[in-house]
Protein chains: 2
Amino acid sequence: MNTLELIQKNLDTFSKSERKVAEVIIASAQIAIHSSIATLAKMADVSEPTVNRFCRRLDTKGFPDFKLHLAQSLAHGTPYVNRNVDEDDGPSAYTAKIFESTMACLDVAKNALDTSLINRAVDVLTQANKISFFGLGASSSVAHDALNKFFRFNIPVSCFDDIVMQKMSCINSTEGDVIVLISHTGRTKALVEVAQLARENDAFVIALTASGSPLALQSNLVLSVSVPEDTDIYMPMASRIAQLVLIDVLATGFTLRRGPKFRDNLKRVKEGIKDSRFDKFNLKS
Amino acid sequence: MNTLELIQKNLDTFSKSERKVAEVIIASAQIAIHSSIATLAKMADVSEPTVNRFCRRLDTKGFPDFKLHLAQSLAHGTPYVNRNVDEDDGPSAYTAKIFESTMACLDVAKNALDTSLINRAVDVLTQANKISFFGLGASSSVAHDALNKFFRFNIPVSCFDDIVMQKMSCINSTEGDVIVLISHTGRTKALVEVAQLARENDAFVIALTASGSPLALQSNLVLSVSVPEDTDIYMPMASRIAQLVLIDVLATGFTLRRGPKFRDNLKRVKEGIKDSRFDKFNLKS
DNA sequence: TTTAGTCTGTAATAAAATGACATGTTGTCA
DNA sequence: TGACAACATGTCATTTTATTACAGACTAAA
């Protein structure tokens with residue numbers, strides 16, 4: 001838990017002198033972490049043991065330990081994290097807010113992920129005869145990205161963002177096929193139907209979606225990126241970013257599982273596209 | 001600058017004893033920040049002043065100051081940051097590494113961005129008659145995503161990942177049209193040609209690419225996400241994630257610039273797709 | 001081997017944090 | 001209103017921690 005927030009929240013549980021300390025720290029945390037207990041006591045106009053008691057009240061071992069906690073909370077906890085974009089934010093403000101909230105979302109997603117399920121998913125993917133990635137709306141670009149990643153592995157992959165094509169593809173699927181469905185909410189009716197269809201035709205369905213959603217219930221394996229839903233209209237869909245990173249994770253797991261021989265393949269793909277690029281050191285070529 | 005990285009980088013500038021200290025700190029940084037100089041000295045099997053000298057060599061005021069720096073660097077930088085995935089990493093390890101390195105990349109990208117250019121780009125976009133997003137390969141899914149975002153603004157937008165369509169679209173462009181080109185390296189020949197074509201036809205070209213690249217040179221405005229290039233085959237293309245976040249930033253800037261009336265539009269779009277979803281509280285509907 | 005230079009440790013000193021205790025303050029109840 | 005209790009706060013002593021000064025040891029070049 002962020003120490004600075006913690007102080008702010010418990011502001012009214014402190015005594016008079018302790019609050020003085022709290023206020024000084026909130027006002028100038030950067031200075032506080034570089035001061036000795038004596039200096040800070042003088043700044044807050046209290047005695048040194050008071051500062052010490054203040055620290056203990058915040059579940060730290062003492063003043064030095066408190067400084068450490070505070071320093072850490074200042075390090076990540078840049079002010080904007082989790083704060084929404086505001087109407088009168090300038091470019092620097094909204095840029096920082098969006099980047100930081102995206103990073104915070106990734107952190108949440110990372111901690112919420114079940115790596116044993118990831119391992120399972122990688123298992124299934126490596127043994128698949130054919131892999132399909134389907135998404136609709138915003139999620140279709142995630143599917144598209146997944147195609148791009150897995151395509152390099154030189155295995156049969158496909159990706160459709162057309163619901164008719166998706167359904168047709170499912171009808172033609174057989175055992176050994178893996179369908180990866182991507183949906184933020186997991187409540188898109190069409191995609192739930194696709195999941196049903198796929199399972200009726202013996203395909204294995206992996207869903208990148210919210211756990212407990214209708215789509216999740218129809219799937220064989222659910223990888224949920226539990227990221228706060230985007231209630232705010234400004235809120236960029238950070239869940240989409242988390243899904244993309246999850247795709248990266250699956251692709252990496254896939255590569256690792258396939259072993260070293262397989263990795264040469266990847267190098268060849270990279271080499272293969274070189275001709276279509278300007279050489280880095282000879283731009284005019 | 002991240003203290004832990006700094007130590008690792010300067011490992012060979014240290015003397016024998018100082019390196020012992022460095023190694024202990026790298027191996028168990030979490031323990032180090034909670035230890036006194038005496039404890040740490042004992043752990044590294046050196047004297048206390050040596051530890052102190054070590055701290056000073058890293059541009060800190062002394063041991064307590066050093067601990068503070070280290071604590072901060074541990075706060076963001078969980079151990080895996082910037083470390084590549086290793087052949088014998090398990091699912092938890094590679095998942096964490098990928099998430100963390102992605103987050104680190106976003107942080108780098110955030111700090112490297114020029115917000116005045118973003119502001120400029122938003123200016124241009126809001127005044128555009130028509131906006132097109134083009135990308136090839138991995139970048140095409142970024143373009144696709146951008147389409148998805150800007151489509152909601154109810155303005156003419158298009159997105160092609162077909163080079164022929166891109167060129168045709170450029171030939172038909174006129175003044176007032178904005179073309180957003182997305183490329184990680186900025187050295188994809190085809191896309192550079194697209195940029196030239198677009199400019200010949202008086203379109204305004206915004207490039208999301210590496211600064212100084214051939215594509216950048218052909219563009220009117222460059223938004224560069226300077227993220228380390230992916231040298232490692234395992235390395236997920238974090239630059240792509242950074243580009244997506246940048247798209248979010250532009251879309252947000254766009255929304256803000258258009259003002260409150262415009263924001264009602266967004267709500268209508270959100271309402272509009274409700275029918276295609278299962279109701280959250282009535283899943284069987 | 002000597003010598004200049006750099007490391008490294010010991011021991012003394014200074015600084016910082018903590019603990020114990022005494023004083024002050026506030027509020028309650030007779 | 002006065003007395004007591006509970007809590008808050010500060011002073012001072014003690015302990016822990018960090019720093020400085022200095023001397024011995026090592027290393028590389030002459």
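Per chain, numbering begins at 1; letters A, B, ... match sequence-line order.
Computed from coordinates, the B:K20 NZ to C:dG9 P distance equals 6 Å when rounded to whole Å. A:E18 places its CD atom 15 Å from the C1' atom of C:dT25, with the value rounded to the nearest Å. As a whole-Å value, the separation of A:K67 NZ from D:dT17 C1' is 12 Å. Straight-line distance from the CG atom of B:D65 to the C1' atom of D:dT17: 15 Å, rounded to whole Å.
Checking side-chain atoms of A:Q72 against main-chain N and O of B:A71 turns up a donor-acceptor pair under 3.5 Å. With A:K67 contributing its side chain and A:S35 its backbone, the two residues share a donor-acceptor pair below 3.5 Å.
The phosphate of D:dT9 has neither OP1 nor OP2 within less than 4.0 Å of any side-chain N or O from A:S47. Note on B:S15: every side-chain N or O is 4.0 Å or more away from OP1 and OP2 of C:dT6.
Scanning residues 27-34 of chain B for heavy-atom distances under 4.0 Å to DNA chain D yields an empty list. Less than 4.0 Å separates DNA chain C from at least one heavy atom of each of the following residues of residues 48-60 of chain B: B:P49, B:T50, B:R53.
With sequence neighbours left out, B:A27 forms a side chain to side chain contact (heavy atoms under 4.5 Å, CB included) with no residue at all. When the side-chain hydrogen bond (donor to acceptor under 3.5 Å, both in side chains) test is applied to A:T126, no partner is found at least two apart in sequence or on another chain. In this structure, the ring-ring contact (aromatic ring centres under 6.0 Å, His included) partners of B:F14, at least two apart in sequence or on a different chain, are B:F54.
Checked against C:dA17, D:dT17, C:dG9, the side chain of A:P64 finds its nearest nucleotide in C:dA17.
Two residues, A:K16 and B:I37, neighbour DNA chain D, and the one matched to the more 5' nucleotide by heavy-atom proximity is A:K16.
Electrostatic pairing of B:K110 and B:D107 counts as a salt bridge here, judged by a charged N lying under 4.0 Å from a carboxylate O.
A donor atom on one side chain and an acceptor atom on the other are found under 3.5 Å apart for B:H184 and B:S239. Between B:S141 and A:D145, the side chains place a donor N or O and an acceptor N or O closer than 3.5 Å (distance only, hydrogens not considered).
Residue pairs meeting the ring-ring contact (aromatic ring centres under 6.0 Å, His included) criterion with at least one partner in residues 101-121 of chain B, sequence neighbours excluded, do not occur; the list is empty.
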